[in-house]
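Letters A, B, ... are given to chains in the order of the sequence lines, protein chains preceding strands, and every chain is numbered from 1. Atom set for the values below is all heavy atoms of this structure, side chains included, hydrogens, waters and symmetry mates excluded.
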Number of protein chains: 2
Amino acid sequence: MPPTEGLTDGKAAIPLYQQVIDIIKNEINSGAYKAGARIPNEFELAESYKVGRVTVRRAIEELVQQGYLTKRQGKGTFVNAPKLKRKIRQKDDVQSFSDACRVNGMEPGARVISRKILPADSTEAQFFGVPVGTDLICVERVRTADGVPVMLENNIYVYEDNAYLSTAPLSNQSIFEFVHNRTGRTPAFTDPCTLEIACASPEVARLLAVPVGEPLFYMEAFFFDEQRRPFIIGRQRIVGSRYVFDI
Amino acid sequence: MPPTEGLTDGKAAIPLYQQVIDIIKNEINSGAYKAGARIPNEFELAESYKVGRVTVRRAIEELVQQGYLTKRQGKGTFVNAPKLKRKIRQKDDVQSFSDACRVNGMEPGARVISRKILPADSTEAQFFGVPVGTDLICVERVRTADGVPVMLENNIYVYEDNAYLSTAPLSNQSIFEFVHNRTGRTPAFTDPCTLEIACASPEVARLLAVPVGEPLFYMEAFFFDEQRRPFIIGRQRIVGSRYVFDI
């Protein structure tokens, strides 16, 4: 049971439900309430915090909204797995998905969905500095954190410079690291890197194990290497409920 | 009618539907197809581009997905208003919404929804370096671009230092500029600034003129001033279909 000392009486400046929210968040962040576990019901929480059920209900509703808890009809209220935090620093630092996972104490994974050779459209050709129609190789992978699908990643390279990607073993490893080992090139900064909201199409939803129409981040990044040469176009669809950008 | 010279024949490296997409995008970006206008129907486009209707249909579907066009049942296909582009630079540059609009050639607007004096919770108190329960003033405004609601903005200041905000005229102007003129302080960088996806509650949906459940960016930013003193907490809900972050 969580301690009740944090709760001041009804005259305090902080609303009671806010105090209950803070206590439950602390229980989750400290690991007292673990991811996937059911928390005590309204009656039990009201009793242990010495507050009314309406107060507990309001706190729980707020925590559901904030993504900490999920209510399951007839089963109770459960602690969500923590969202993945990925720090994107502009222009001078590029964090790979694998590194982002490790920083968050999660195990990165990757599954290759397709490798396609496609002709450069006008935007792609202009970025890479090649004629329209030049062969590009697009590697499509589902990226997972602790086994949970988090993003559908499309990384696009000039085929001629990176033909080895058509057969390389790209499951469960960083493609940035793999390409670096082959070519010595590292994605150093992005310009531009845009972030929009998209909704999951049926195919994307299936690959990411989310409902059709689920809101996703759509990130398009144009990566340059350390010599400021155009290098990679990344087009990622990222599950909104599993991701926080720290920009 | 758009020019057809851009279209190469069926043997070209670029798929025909991609060429049609590029042409229609150019027509939109150049203003030949204006925001809100109906574009020619499938038959007309197929004829003027000398391609099949299936090709035109695929191009239009892709442009709808990308947010350039909207289909209205029984009425035709219409050009969407351009998305607002806002450049957020991390740590050393903070762009106000008003400036972001002007850079995009759009007229910024603001409507005050509420001003509330609220007690600092533990996160807020820690950031501002004040005791929990200290009075904060939260100014809630709907921000518009060319009259269209784009974000619901909550800017939170320490009340004691910024009591003038409770009566200040804050419609249709930058709150950053207003506060600068009163205090000499400018938001200089954010740490942290997080970006998540949220869905519009009924109240938020009403204020932003979007359907309930519409996906929104939820941005939480902790602003410091030029002397690295904690200054403002911003909590913005931003309409996904009206916004692009350039990070």
Side-chain angles (χ1 to χ4, degrees), chain A residues 6 8 12-15 18-19 21-23 25-26 65-67 83 85-93 118-125 131-135 190-199 201 204 213-221 238-247, chain B residues 6 8 12-15 18-19 21-23 25-26 61 65-67 83 85-93 118-125 131-135 190-199 201 213-221 238-247:
Chain A
T8 50
I14 307 276
Q18 184 62 55
Q19 297 181 47
I21 288 173
D22 284 354
I23 292 172
K25 274 191 192 177
N26 283 338
Q65 278 267 332
Q66 293 180 19
K83 287 190 181 186
K85 269 208 175 196
R86 182 185 192 189
K87 197 155 203 167
I88 295 198
R89 298 211 180 101
Q90 198 210 359
K91 303 292 185 202
D92 50 32
D93 188 23
L118 297 169
D121 69 17
S122 55
T123 303
E124 293 157 351
V132 168
T134 301
D135 280 351
T190 55
D191 181 25
C193 177
T194 54
L195 209 49
E196 301 180 60
I197 293 178
C199 290
S201 67
V204 170
E214 173 91 352
L216 308 172
F217 288 110
Y218 176 65
M219 183 170 77
E220 185 175 58
I238 305 165
V239 180
S241 60
R242 297 171 191 158
Y243 223 77
V244 179
F245 280 91
D246 190 347
I247 60 175
Chain B
T8 50
I14 307 274
Q18 184 62 55
Q19 297 181 47
I21 288 173
D22 284 353
I23 292 173
K25 276 191 191 176
N26 284 339
E61 272 166 16
Q65 279 265 334
Q66 294 181 18
K83 289 191 180 188
K85 270 210 172 190
R86 183 185 191 188
K87 196 154 205 166
I88 294 196
R89 299 212 178 101
Q90 198 210 1
K91 303 292 185 203
D92 52 31
D93 189 21
L118 298 168
D121 70 16
S122 55
T123 304
E124 293 157 350
V132 168
T134 300
D135 280 350
T190 56
D191 181 24
C193 177
T194 55
L195 209 49
E196 301 180 61
I197 293 178
C199 290
S201 67
E214 173 91 353
L216 308 173
F217 287 111
Y218 175 65
M219 182 170 76
E220 185 174 58
I238 305 164
V239 179
S241 61
R242 298 173 191 154
Y243 223 78
V244 179
F245 280 91
D246 190 349
I247 60 175

Sort B:A221 into side chain, backbone, both or neither according to what part of it lies under 4.5 angstrom from a heavy atom of chain A.
neither
Under 4.5 Å from any heavy atom of chain A - which part of B:L216
backbone
What's the separation between atom OH in B:Y243 and atom CG in A:L195, rounded to the nearest 0.5 Å?
12.0 Å
Contact class of A:A120 relative to chain B, heavy atoms under 4.5 angstrom
backbone
Not counting sequence neighbours, which residues clear side chain to side chain donor-acceptor pair (under 3.5 Å) with A:D22? List them please.
A:Q18, B:S122
Any residue meeting salt bridge (charged side-chain N to carboxylate O under 4.0 Å, His left out) with A:E220, in chain and number order, not counting sequence neighbours:
A:R235
So for A:F217, is it side chain, backbone, both, or neither that comes closer than 4.5 Å to the heavy atoms of chain B?
both
Roughly how far apart are A:D191 CG and B:D246 CG, rounded to 0.5 Å?
7.5 Å
